[in-house]
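Okay, so here's the structure we're looking at.
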Protein chains: 2
Amino acid sequence: MRNVTIVHVAEKARVSVKTVSRVVNNEPTVTPQLRERVQAAIDQLGYAPNIAARRLGGSRSFLIVAFNDRRLTLENWRSDRGNNWIDRMQYGAMLRCDVHGYHLLCELIDLESDQLARRVQHVLSSLRPDGVILTPPNCEDPTVLEALKRAQVPFVRMGSAAAGPGARVRMDDHAAARQLTEHLVGLGHHRIGFVTGSARFLASRAREDGYRQALAAAGLPVDETLLVPGDFTFEGGVSAAEALLSRPDRPTAILAGNDETALAVMHVARRLDIAIPNALSLATFDDTPSVRLSLPPLTTVRQPVAEMAAQAVDLLVAAAAKDGKLSRADHLLPFELALRASTAPPP
Amino acid sequence: MRNVTIVHVAEKARVSVKTVSRVVNNEPTVTPQLRERVQAAIDQLGYAPNIAARRLGGSRSFLIVAFNDRRLTLENWRSDRGNNWIDRMQYGAMLRCDVHGYHLLCELIDLESDQLARRVQHVLSSLRPDGVILTPPNCEDPTVLEALKRAQVPFVRMGSAAAGPGARVRMDDHAAARQLTEHLVGLGHHRIGFVTGSARFLASRAREDGYRQALAAAGLPVDETLLVPGDFTFEGGVSAAEALLSRPDRPTAILAGNDETALAVMHVARRLDIAIPNALSLATFDDTPSVRLSLPPLTTVRQPVAEMAAQAVDLLVAAAAKDGKLSRADHLLPFELALRASTAPPP
DNA sequence: CGTTCCACTGAAAGCGATTTCAACCGAAAT
DNA sequence: ATTTCGGTTGAAATCGCTTTCAGTGGAACG
């Protein structure tokens with residue numbers, strides 16, 4: 001019973017090794033009759049193809065590598081309230097890997113290490129995965145991207161709007177901003193401030209566009225003075241919030257470009273004694289834990305992490321099955337609105 | 001530069017393939033001079049041995065599989081407050097894998113599935129890992145254990161005191177109970193109740209022993225009537241707590257056999273209007289999130305999950321390097337006391 | 001000085017799949 | 001009736017490493 005190989009199956013089914021291989025790989029040119037006989041032998045013997053041999057003989061490894069940042073991972077479980085991005089990514093990826101007969105291999109990398117390029121290259125060359133999944137912050141790291149490109153391994157960047165090599169899978173920032181704005185409009189808000197994100201990121205533009213579009217669709221004018229540039233940092237958020245909230249005709253609601261910015265807005269509001277959500281509604285993006293656990297918890301957009309990972313796996317597997325080339329496409333996935341206590345009708 | 005194999009290294013270093021292999025595997029019988037020449041070639045070429053070929057040619061696969069329960073995983077990240085056992089396990093395991101040149105492969109299994117045995121067997125026979133790490137609740141599942149035993153793959157059960165095949169790595173329940181009791185004694189408690197755990201589990205006995213030993217060491221008498229049997233369930237905890245707390249000479253502190261029991265004690269205390277920690281101190285084991293987030297948060301023992309995983313990897317790698325046999329040893333690791341608001345000096 | 005032995009190095013045979021390519025067979029075409 | 005062809009099947013080479021075993025040279029020994 002131990003060590004059942006393709007040869008055993010072939011003997012039992014009285015066919016050649018190659019025919020068994022055809023059945024296992026679902027190749028079309030096998031007569032139904034033979035296929036059935038072979039399948040029966042496989043089932044009876046409990047045969048499962050050896051992945052190492054498959055990799056060595058063929059062109060695929062049936063392996064997908066996910067690089068996780070070591071510091072982030074450590075921070076996550078240390079803090080007891082870390083975001084669960086990695087878990088959700090793994091879960092989604094594993095489920096799809098399973099379906100495709102693939103396996104997910106998680107590797108820790110340290111973006112701060114001077115051995116980073118070497119490390120990535122070693123992992124790739126010893127594992128020779130069919131594809132790599134990158135999550136923030138790895139998917140923005142030039143060293144990692146360069147190493148992947150040099151190794152010519154297909155990869156998907158998850159949850160990052162940054163331009164660059166490899167395919168991208170992320171949520172639809174435009175639609176997210178639109179829906180968040182619609183939510184505020186639906187509550188009765190007319191004057192909605194927007195602390196925009198850093199212009200370097202595509203996501204910022206998309207979010208601003210979504211905001212404008214939602215207002216236009218609601219027949220509301222866009223007051224350009226309510227659009228204040230932020231830069232995704234707390235400090236930037238503070239100045240922007242001060243500008244918005246110290247005006248006599250201050251907005252009744254604010255959309256923050258990201259979570260960090262939102263926390264800054266909360267900070268300023270508290271200082272100015274503006275109650276959230278009674279005097280000011282606040283909504284933001286990303287749904288990091290700090291925002292979920294803040295007082296009050298903030299209304300945000302929740303990224304479909306598991307779904308993104310699933311899609312990433314699908315893309316990589318499809319590429320491997322074809323020619324090992326992955327198009328540089330940009331895939332947008334629907335997201336989830338987390339309506340929480342920070343948004344309410346205007347005063 | 002692409003696809004550097006051992007042959008290329010051998011040619012560059014002007015030695016045989018076998019010698020390169022010896023250097024890579026750190027075999028002793030290579031002269032320092034040769035070793036250096038080979039190592040230089042390896043570094044210059046950026047060579048990393050192909051894991052698939054290594055597995056196929058040799059007896060090791062350099063792979064360790066960790067089985068995670070699908071439902072638990074899903075529940076964890078859905079609930080937004082799941083315990084981070086899995087993350088911590090992965091982190092610890094990965095770090096050690098890295099050191100040994102191994103790779104960690106996480107696989108989801110569904111304990112409820114009727115395909116469970118098949119699934120486990122398939123994973124093992126296609127991956128042929130050098131070892132398997134089992135976490136609760138997988139490490140108690142007879143189907144999984146049976147499949148592992150039949151496949152003759154070494155495995156480590158983490159965090160479970162249950163007897164059975166495979167090696168175990170867990171915390172020292174005896175010492176944990178002792179320290180928890182000492183903590184209570186240190187606060188000034190003399191009458192400390194103990195709702196013991198289910199007698200089926202070795203951990204229960206160990207905890208009870210630790211409790212007794214701590215009392216003895218402090219020169220306190222053991223009042224046998226303060227030891228009430230629980231069974232690790234909420235209901236069992238309720239009856240035990242009622243028995244303890246309705247006495248006129250009720251204890252000023254209670255040690256609960258596990259977290260579930262502790263929650264039951266809290267429940268009863270609240271009903272009887274006994275304030276924690278003012279009128280009653282409460283401490284427990286396991287540190288599941290429910291206990292961390294309860295009001296007040298409970299003093300507990302925190303399992304050294306990452307360290308246990310690291311040890312598990314070390315054991316498996318050592319076994320693979322030797323003869324592929326893993327002794328059935330039981331390894332105890334030090335733990336961490338989480339002193340929280342549920343324990344205070346007696347009234 | 002020849003033999004034995006040890007320490008080191010290398011040649012060749014797998015490991016279990018895929019890939020390539022040749023062989024086969026019956027049906028359609030000539 | 002023979003050739004041709006498309007669709008199936010199988011034989012053998014191959015992937016990159018380890019394992020096994022044979023060989024080589026020099027020190028130690030009689």
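In the text below, chain A, chain B and the rest are named by the order of the sequence lines, each starting its count at 1.
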Value in whole Å for how far the [atom2] atom of [N] lies from [atom1] of [X]:
X: A:Glu27; N: D:dG7; atom1: CD; atom2: C1'; result: 14 Å
X: B:Arg14; N: C:dC8; atom1: CZ; atom2: P; result: 20 Å
X: A:Gln33; N: D:dG7; atom1: CD; atom2: C1'; result: 15 Å
X: A:Arg54; N: C:dC15; atom1: CZ; atom2: C1'; result: 16 Å
X: B:His8; N: D:dG16; atom1: NE2; atom2: P; result: 8 Å
X: A:Ile6; N: D:dG10; atom1: CD1; atom2: P; result: 12 Å
X: A:Arg37; N: D:dT8; atom1: CZ; atom2: P; result: 16 Å
X: B:Arg55; N: C:dG16; atom1: CZ; atom2: C1'; result: 9 Å

Taking the minimum atom-to-atom distance to the side chain of [X], which one of [options] wins?
X: B:Ser21; options: D:dT18, D:dT9, C:dT18; value: D:dT18
X: B:Asn25; options: D:dT18, C:dC15, D:dC17; value: D:dT18
X: A:Ser59; options: C:dT19, C:dA17, C:dT9; value: C:dT19
X: A:Thr29; options: C:dC8, D:dC17, D:dT9; value: D:dT9
X: B:Ser16; options: C:dG10, D:dT9, D:dT18; value: C:dG10
X: A:Leu34; options: D:dT9, D:dC17, D:dC15; value: D:dT9
X: B:Asn50; options: D:dG16, C:dT18, C:dG16; value: D:dG16

Q) side chain to side chain contact (heavy atoms under 4.5 Å, CB included) with A:Val313: which of A:Val99, A:Ile64, A:Leu95, A:Asp98? A)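 Between A:Val313 and the candidates, side chain to side chain contact (heavy atoms under 4.5 Å, CB included) is satisfied uniquely by A:Ile64.
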Q) Is it the case that A:His8 and A:Asn3 place a side-chain donor and acceptor less than 3.5 Å from each other? A)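 No, no side-chain donor-acceptor pair sits under 3.5 Å.
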Q | Salt-bridge criterion met for B:Arg60 and B:Asp130 (N-O under 4.0 Å) | A |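 No, no charged N to carboxylate O under 4.0 Å.
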Q.
So, under a plain 3.5 Å distance rule, would you say the side chain of A:Arg22 forms a donor-acceptor pair with the base of D:dG10?
A.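 Answer yes: a donor N or O sits under 3.5 Å from an acceptor.
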Q. Within the side chain of B:Arg88, is there an N or O that forms a donor-acceptor pair under 3.5 Å with the backbone of B:Gln303?
A.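 Pair found, side chain donor or acceptor close to backbone of B:Gln303.
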Q: Keeping the roles fixed (side chain from A:Asn25, backbone from A:Glu27), state whether a donor-acceptor pair exists under 3.5 Å.
A: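 The answer is no, because no donor-acceptor pair under 3.5 Å joins these two groups.
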Q. So, is B:Thr5 near the phosphate of D:dC15, with a side-chain N or O under 4.0 Å from OP1 or OP2?
A.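 Answer is no, no contact under 4.0 Å.
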Touch check for [X], heavy atoms < 4.0 angstrom, all strands: base, sugar-phosphate only, or nothing?
X: B:Val17; result: base
X: B:Gly57; result: base
X: A:Tyr47; result: sugar-phosphate

Q. If you pin B:Leu56 and B:Lys18 to their nearest nucleotides in DNA chain D, which one's is more 5'?
A.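 This one resolves to B:Leu56.
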(Q) Would you say that A:Leu111 contacts A:Arg71 through its side chain, given a criterion of any heavy-atom pair below 4.5 Å between the two side chains? (A)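 Contact flag for A:Leu111/A:Arg71 side chains = no.
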**Q.** Closest-nucleotide ordering on DNA chain C, the 5'-leading residue of B:Thr31 and A:Pro49
**A.**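 That would be B:Thr31.
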